[in-house]
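These values consider heavy atoms only, across backbone and side chains, with no hydrogens, waters or symmetry-generated copies. Just so it is clear, the structure is predicted and the values come from calculations on it, not from any experiment.
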Amino acid sequence: MLNGAAERVLDRPGNRLIGRHAGADAPHVDSGVIDRVLRQVRETGESVLGLPVRGRPPSGPDGDRMWSLSTFRLTDPADRRLGMCQAYVDITDGYRAERRLELLTRAGAGIGVTLDVARTAQELADVLVPALGDVAWVALSEAVLDGDEPPKTSGPGQWNLRRTGVAPPDEAWTAGLPAAGALSPALPNHALLRRIGQGETVLLPDRDSVIAAAEGYSELAPLFVPEHGHSAIAAPSFARGLVLGTVVAWRTRRPGPFDQEDADLLTEIASRAALGVDNARRYTREHRAAVALQQRLLPAATTDTPAAETVAFYVLAGGGAEIGGDWYDVIPLPSFRVALVAGDVMGHGLPATATTGRLRTAVDTLAERELDPDELLTHLDDLVQQLQGEAPHQGDTVGASCLYAVYDPVTCQCTLASAGHPPPVVIRPDGNVESVEVSPGPLLGVGGMPFEATTFDLESGSIIAVYTKGVIYRDDQDPDAGLRRLTDRLARSGGPVRDLDGVGHELLRSLGDAPARDDMALLLARTRAVAPEDTETREFPADVSVVAAARKAAAGQLAAWGLDELSFTTELVVSELVTNAVRYAGGPIGLRLIRGDVLVCEVNDPSNTQPRLRRARWSDEGGRGLFLIAQLGLLDLSL
């Protein structure tokens with residue numbers, strides 16, 4: 001027997017079904033499911049209540065329906081089985097609402113979990129297939145992928161979309177459609193595209209509407225219509241007043257077309273995902289700006305000076321996801337000396353990068369005054385304390401570590417001081433590797449504590465490695481163990497004849513492929529020496545009569561070196577500088593000539609006063625010596 005509702009669902013009168021199998025002519029539910037449930041109830045005697053089953057009525061526009069199937073036995077008062085009864089309740093609306101809620105929940109949890117534009121687009125495509133459609137893709141403006149805002153023009157031809165996320169991915173992707181990464185051709189000024197550009201979701205419910213939309217653009221159809229595609233939805237990726245791209249879903253295998261509820265659902269998912277895409281876009285822009293700023297703050301990766309050849313390496317934390325405040329520097333100093341610097345500012349992002357720039361500039365400025373390393377760090381500490389005074393208004397904490405080392409190729413000695421920074425590692429020409437013993441002072445910004453300078457011999461051909469803590473701080477967070485690992489790896493990879501670039505790359509590879517937790521800066525320098533025969537040192541008392549003797553000594557040494565053409569200029573420099581030392585500083589007065597790619601002429605005295613260049617007035621009888629030397633481009637004032 002069938003009631004009237006069953007006859008309406010089956011679209012057949014009951015008298016045509018009476019006497020037939022229970023599943024026959026009932027295409028609204030799979031007959032195999034009906035058989036299984038009837039057999040289970042008959043054999044166990046236990047009713048099956050509220051079993052969700054899918055079916056399709058033989059007619060009607062609604063397509064697939066969901067039914068709640070209940071089956072139980074019919075018995076007489078003596079509990080003898082008379083038959084079976086099945087009841088169906090249409091739960092399609094509730095089921096679809098529940099599936100929509102589940103899909104929205106999945107979208108909220110699975111889209112935008114990273115600040116990567118391309119990955120966010122792929123996460124959106126993965127959510128849509130197979131939950132909503134059989135094929136889906138997300139196309140974004142190339143400007144968005146670069147972190148910039150998309151064009152604000154409404155014409156589709158200016159969108160410049162790149163297909164960023166596709167589903168199903170990889171080998172399961174529909175053949176014939178452009179794969180992920182493909183750039184769309186210039187799009188026509190089609191009414192459908194204009195609607196998407198204005199923020200409207202477009203529904204193509206059937207094959208006829210798909211054919212009508214593609215009419216006149218047959219050459220573009222294979223790029224946007226998958227094989228067997230019969231229904232589609234296209235929604236804009238719209239966030240904060242910007243159309244970032246488009247989201248398209250197709251049905252190719254499942255027979256049911258998209259309806260307006262599906263279009264509304266895709267609109268909501270695309271809108272939520274667009275916020276994730278835009279957040280990732282803005283992060284990309286800020287990250288790119290921070291990286292560009294940091295790269296511009298760092299010096300050249302390689303340098304070649306009379307004192308040393310250097311190679312530097314910089315690795316961003318988190319595989320580039322974070323920007324720290326590490327820096328290195330190579331500063332040429334007078335008399336062929338060179339300063340090697342490494343520092344690490346607390347924090348990440350633009351504030352740390354900006355502080356790095358200020359500290360590096362300060363180090364460069366202080367280095368020009370030729371301060372001892374411990375005195376330079378004292379001045380730098382004062383600057384960091386000044387920056388800390390500004391920090392409460394900016395919400396940032398300012399602090400840093402720094403290592404400042406000066407290598408002299410004439411004496412082959414290196415003098416360094418550390419402000420809470422790990423010690424350098426030296427590879428001697430004989431292959432011996434050791435960590436330099438230093439007495440590190442406090443971090444910059446602590447104040448009130450002195451810094452101590454350490455001097456050690458550094459033979460020509462040695463390699464000195466200065467670095468930031470990211471090189472030795474690994475998962476165990478043990479700096480001593482990290483320093484031992486670094487020393488061991490340099491012992492294996494370094495050597496007096498190894499190329500510095502190769503040593504650095506091999507060392508970084510040995511640290512593993514896992515993204516670093518902190519930025520890593522590594523500076524390698526192979527030292528050189530000035531031969532003893534290329535230097536000449538004299539000492540004179542503080543007497544005016546020694547000026548002539550100093551000039552004569554300089555001229556004689558230049559003649560011995562075969563540099564007579566420089567004699568006049570050098571004698572002029574010696575005369576002016578020695579005269580100033582005698583007049584204002586007292587003795588003893590030192591004169592040193594160093595021959596290299598240039599000729600260096602040094603005059604030193606016991607005074608701690610900084611020489612000062614000034615412009616003499618027309619009536620002054622003196623004060624023109626340093627000015628005259630400066631006009632020759634030869635003056636370097638230092639203590």
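- Taking 4.5 Å as the limit, some side-chain heavy atom of R489 sits within range of a side-chain heavy atom of S510.
- Between the side chain of S462 and the backbone N or O of L458 there is no donor-acceptor pair closer than 3.5 Å.
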* To do: Check the pair Y404 / H421 against ring pair (Phe, Tyr, Trp, His ring centres under 6.0 Å), numbers first and verdict last.
  => CA-CA 10 Å; Y404 183 81; H421 203 83; over 10 Å; no
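- Within a 6.0 Å radius of CD in E565, more than 12 heavy atoms belonging to other residues, nucleotides or ligands are found.
- Counting heavy atoms from C-beta outward, L275 and R240 have side chains that approach closer than 4.5 Å.
- Smallest separation of non-hydrogen atoms from G276 and T120: C-CG2, 4.0 Å.
- Checked by atom type and distance alone, the side chain of D372 never pairs as donor or acceptor with a backbone atom of D374 at under 3.5 Å.
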* Steps toward side chain to side chain donor-acceptor pair (under 3.5 Å) verdict (D457, Q413) -> CA-CA 4 Å; D457 293 329; Q413 287 187 327; 3.3 Å; yes
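- The closest side-chain donor-acceptor pair between S460 and T527, if any, does not fall under 3.5 angstrom.
- Side-chain atoms of D116 and T114 form no donor-acceptor pair, as typed in the model, at a separation below 3.5 Å.
- Using a 4.0 Å cut-off between a side-chain N of Lys or Arg and a carboxylate O of Asp or Glu, D148 and R285 do not qualify as a salt bridge.
- Contact annotation: the side chain of S141 approaches that of V144 to within less than 4.5 Å [non-hydrogen atoms, C-beta and beyond].
- Side-chain atoms of D146 and T284, non-hydrogen and from C-beta on, never get closer than 4.5 Å to each other.
- Looking at R428 and E459, a side-chain N of the basic residue comes within less than 4.0 Å of a carboxylate O on the acidic one, giving a salt bridge.
- Under the 4.5 Å side-chain criterion, counting only non-hydrogen atoms from C-beta, V547 is not in contact with F540.
- Between the side chain of T569 and the backbone N or O of L566, no donor-acceptor pair lies under 3.5 Å.
- Checked for salt-bridge contact, D278 and R281 meet the test: a charged N lies under 4.0 Å from a carboxylate O.
- Side-chain atoms of E571 and S575 form no donor-acceptor pair, as typed in the model, at a separation below 3.5 Å.
- Proximity of L416 to P424: side-chain heavy atoms (C-beta onward) are separated by under 4.5 Å at one or more points.
- Under the 4.5 Å side-chain criterion, counting only non-hydrogen atoms from C-beta, L183 is in contact with E142.
- Y467 is listed as a side-chain neighbour of L483, based on a closest heavy-atom distance under 4.5 Å.
- Side chains of D381 and Q385: a donor on one and an acceptor on the other come within 3.5 Å.
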* **Evaluation steps, side chain to side chain donor-acceptor pair (under 3.5 Å), between T487 and S435** => CA-CA 7 Å; T487 303; S435 171; 5.5 Å; no
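- Using a 4.0 Å cut-off between charged nitrogen and carboxylate oxygen, R288 and E286 do not count as a salt-bridge pair.
- A donor and an acceptor atom, one from each side chain of D344 and T468, are nowhere located under 3.5 Å apart.
- Residue F313 is tested with D501, V471, L523 for a side chain to side chain contact (heavy atoms under 4.5 Å, CB included); the sole match is D501.
- Residues D519 and Y314 bring a donor and an acceptor atom of their side chains to less than 3.5 Å of each other.
- When atom types are taken as modelled, the side chain of R528 and the backbone of T305 share a donor-acceptor pair closer than 3.5 angstrom.
- Although no hydrogens or angles enter the test, the distance criterion places no donor-acceptor pair under 3.5 Å between the side chain of D534 and the main chain of V530.
- For the side chain to side chain donor-acceptor pair (under 3.5 Å) test, residues two or more places apart in sequence or in another chain that qualify with T310 are T303.
- Tested against C402, the residues L376, V345, L444 include a single side chain to side chain contact (heavy atoms under 4.5 Å, CB included) partner, L444.
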